[in-house]
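Please read the structure below before turning to the comments.
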Amino acid sequence: MLPFPEAAERAVGDSQLRHNLRMATRTIRHKREEVVGELDDWSALRAAGKAVKDRTLRHLDTYLERLEAAVTAAGGRVHWAADAAEANEIVTGLVRATGETDVVKVKSMATQEIELNEALAQAGIIAYETDLAELIVQLSDDLPSHILVPAIHRNRAEIREIFRDRMAAWGVAAPEGLGDDPRALAEAARVHLRERFLRSRVAISGANFAVADTGTMVVLESEGNGRMCLTLPQTLISVVGIEKVVPTWSDLEVFLQLLPRSSTGERMNPYTSTWTGVAPGDGPQEFHLVLLDNGRSDVLADEVGRQALRCIRCSACLNICPVYERTGGHAYGSVYPGPIGAILTPQLRGTASAQEASLPYASSLCGACYEVCPVAIDIPEVLVHLREEVAASPGHRAEKAAMGAAGWVLGGERRLGAAQRAASAARSVVPRRMPGPASAWTDTRDIPEIPEESFRAWWRREGAAEPAPGADPAEPGRSGGDEEGGRR
């Protein structure tokens with residue numbers, strides 16, 4: 001993956017991409033504004049969501065153990081995965097144990113994060129995405145570009161071509177003469193997926209929330225494909241990040257109000273599926289919960305960065321972000337794009353590579369993401385915090401040396417004065433543009449003009465005299481009755 005500046009430069013050159021993103025993000029955020037504006041207690045709900053998440057993260061070990069006990073008591077089985085490799089190994093083994101060679105999937109950020117589909121493919125197991133947008137991405141050999149709408153970078157004409165060209169290779173073909181009407185495209189996807197739902201015996205999901213008290217998993221979705229995956233197969237495997245736990249159903253109520261309004265601009269979610277363990281003769285008869293760490297414990301240890309774990313994956317920060325709207329999700333090089341990805345990915349992966357180290361700078365720090373976040377994650381604060389970490393790394397020695405030199409000059413009056421006198425003496429030879437690699441900085445801005453005399457020098461010359469008795473101290477250089485030393 002390219003560092004963000006290079007990837008973004010390519011993205012902003014794609015006018016069709018920018019048009020698709022602008023239309024989609026503006027539509028979603030306008031819907032959000034309307035439904036959030038209906039609530040008088042939105043700020044209180046937001047504060048409650050933040051409080052629940054913070055309390056849960058402070059006692060995460062306790063709630064995870066409670067969740068494990070409840071799931072086990074309900075007939076499920078809990079597996080702990082320290083990283084992506086361990087999670088993929090667990091899931092692959094569970095699927096192999098069933099004897100099946102294909103699975104259906106509910107849209108899941110966690111499984112994308114660990115690249116589960118690729119791991120299953122290496123084991124000879126085909127994973128079929130059933131979310132409409134994820135299906136589009138899979139059929140086109142593409143990557144998701146949005147948390148909520150993975151195919152947001154595609155328009156309906158492009159989707160029609162993808163369905164017509166690729167559906168047959170994955171199952172039921174698209175109908176002849178398929179147009180780009182949204183209803184026709186949805187019907188083509190419905191017919192294509194239904195055969196898969198009825199045939200598959202293993203399903204893989206994530207979860208939006210996991211209720212510790214009862215061991216209940218919760219999935220919110222808008223199409224009904226998730227419910228088909230969660231009820232028809234014989235075996236259900238859920239890969240869930242450890243931060244998704246909430247203590248009680250009362251806590252869950254808060255998020256069932258926050259999430260729909262922040263994500264799809266709806267008052268309530270169309271499909272909210274909950275399940276607790278297994279029930280004889282009803283739904284999957286084998287349930288496995290894979291609790292995924294994959295760097296989350298390290299994030300939790302960071303007092304500033306840990307607030308990223310409050311995220312409920314609503315994507316409101318993406319839809320409001322001026323940077324995301326112009327570059328799209330692929331420029332971030334991660335399954336988590338946009339402002340939340342700019343703080344979460346570097347914490348989960350580290351900042352050793354140029355790609356991850358560039359992400360904290362993929363922001364104008366305008367603060368719009370913080371204003372719309374339903375759990376009040378101060379994304380700008382974390383971005384600045386991560387920039388400090390990146391700047392302190394060995395790969396930024398030149399920047400660190402420059403800042404050290406500046407600190408040395410600014411830290412002494414004589415040194416600063418000498419630097420100012422030298423700059424004034426050389427003002428006639430200072431170029432309008434910086435040379436070498438620094439020239440990019442002056443492509444869109446001028447080097448400030450250097451004055452003939454510094455303020456300190458002027459003050460010593462004009463305003464250093466002590467005011468006479470009765471003089472106005474707010475008017476330096478003026479003494480009582482002296483009309484010569486006018487105010488400057």
Side-chain angles (χ1 to χ4, degrees), residues 24-25 27-39 41-42 44-46 48-50 52-53 56 104-112 129-135 144 146-152 182 186 189-190 193 197 203-211 214 216-232 236 238-241 243-276 283 310-320 340 372-375 377:
T25 56
T27 298
I28 297 172
R29 68 174 177 254
H30 289 159
K31 289 176 62 180
R32 177 201 170 273
E33 290 171 2
E34 290 178 2
V35 296
V36 167
E38 296 173 351
L39 298 182
D41 63 343
W42 178 255
L45 269 175
R46 188 176 186 242
K50 175 183 182 295
V52 170
K53 281 289 189 177
T56 305
V104 288
K105 287 185 73 236
V106 186
K107 179 179 179 296
S108 164
M109 302 298 292
T111 59
Q112 292 174 9
E129 297 290 350
T130 64
D131 173 82
L132 177 56
E134 290 285 3
L135 174 65
H146 192 275
I147 290 176
L148 183 68
V149 193
I152 196 172
R190 185 179 297 113
L193 290 171
F197 288 137
I204 296 175
S205 81
N208 294 95
F209 307 100
V211 183
T214 59
T216 303
M217 302 295 113
V218 185
V219 165
L220 282 70
E221 39 118 6
S222 300
E223 300 168 12
N225 65 293
R227 185 161 296 177
M228 299 286 278
C229 291
L230 299 170
T231 55
L232 292 178
L236 174 58
S238 297
V239 182
V240 181
E243 81 281 12
K244 294 298 185 71
V245 64
V246 295
T248 69
W249 279 79
S250 296
D251 298 320
L252 176 65
E253 175 210 358
V254 175
F255 299 107
L256 293 185
Q257 297 179 73
L258 289 171
L259 182 54
R261 285 179 164 84
S262 298
S263 57
T264 55
E266 295 170 294
R267 297 177 181 86
M268 64 181 294
N269 201 67
Y271 292 90
T272 300
S273 299
T274 66
W275 69 98
T276 307
R310 294 204 297 259
C311 177
I312 58 175
R313 309 293 191 264
C314 69
S315 76
C317 62
L318 281 71
N319 300 327
I320 199 70
I340 187 61
V372 300
C373 177
V375 286
I377 301 171

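Predicted model only: the values in this text are computed from it and were never measured.
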Check whether any side-chain heavy atom of [X] lies under 4.5 Å from a side-chain heavy atom of [Y], and answer yes or no.
X: Asn208; Y: Thr272; value: no
X: Met228; Y: Thr130; value: no
X: Cys317; Y: Cys373; value: no
X: Leu318; Y: Ile340; value: yes
X: Trp275; Y: Thr231; value: no
X: Met109; Y: Ile147; value: yes
X: Pro374; Y: Leu259; value: no
X: Asn225; Y: Leu132; value: no

Inset, instruction - Apply the side-chain contact (heavy atoms from CB on, under 4.5 Å) test between Asn319 and each candidate in His146, His30, Arg32; give the one that qualifies. - result: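 For Asn319, the side-chain contact (heavy atoms from CB on, under 4.5 Å) check succeeds only for His146.
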
For [Y], does its backbone N or O pair with a side-chain atom of [X] as donor and acceptor, under 3.5 Å?
X: Arg267; Y: Val35; value: no
X: Asn269; Y: Glu221; value: yes
X: Lys53; Y: Val375; value: no
X: Glu134; Y: Glu129; value: no
X: Asp131; Y: Lys107; value: no

Partners passing salt bridge (charged side-chain N to carboxylate O under 4.0 Å, His left out) against [X] (at least two apart in sequence or in another chain):
X: Arg190; value: Glu187
X: Arg310; value: Asp54
X: Glu243; value: Arg296, Arg313

Quick one: do the Ser315 and Ser263 side chains pair a donor with an acceptor below 3.5 Å?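 The answer is no; no qualifying pair exists.
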
Residues 250-263 vs salt bridge (Lys or Arg N to Asp or Glu O under 4.0 Å), sequence neighbours excluded, gives Arg55-Asp251

(message) Restricting to non-hydrogen atoms, name the atom on Pro247 and the atom on Val211 that form the minimum distance, rounded to 0.1 Å.
(response)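 Pro247 and Val211 have their closest heavy atoms at O-CG1, 4.0 Å.
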
Nearest heavy-atom approach of Met268 to Pro260 is C-CB, 3.9 Å

With sequence neighbours left out, the residues meeting ring pair (Phe, Tyr, Trp, His ring centres under 6.0 Å) with Phe209 are Phe255

Rounded to the nearest 0.5 Å, what separation is found between the [atom1] atom of [X] and the [atom2] atom of [Y]?
X: Glu223; Y: Leu193; atom1: CD; atom2: CG; answer: 9.0 Å
X: Arg46; Y: Asp41; atom1: CZ; atom2: CG; answer: 13.5 Å
X: Cys311; Y: Ile377; atom1: SG; atom2: CD1; answer: 5.0 Å

query: Mind checking what makes side-chain contact (heavy atoms from CB on, under 4.5 Å) contact with Val106, not counting sequence neighbours?
result: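 Partners of Val106 by the side-chain contact (heavy atoms from CB on, under 4.5 Å) criterion, ordered by chain and then number, come out as Ser205, Val219, Cys229, Leu230.
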
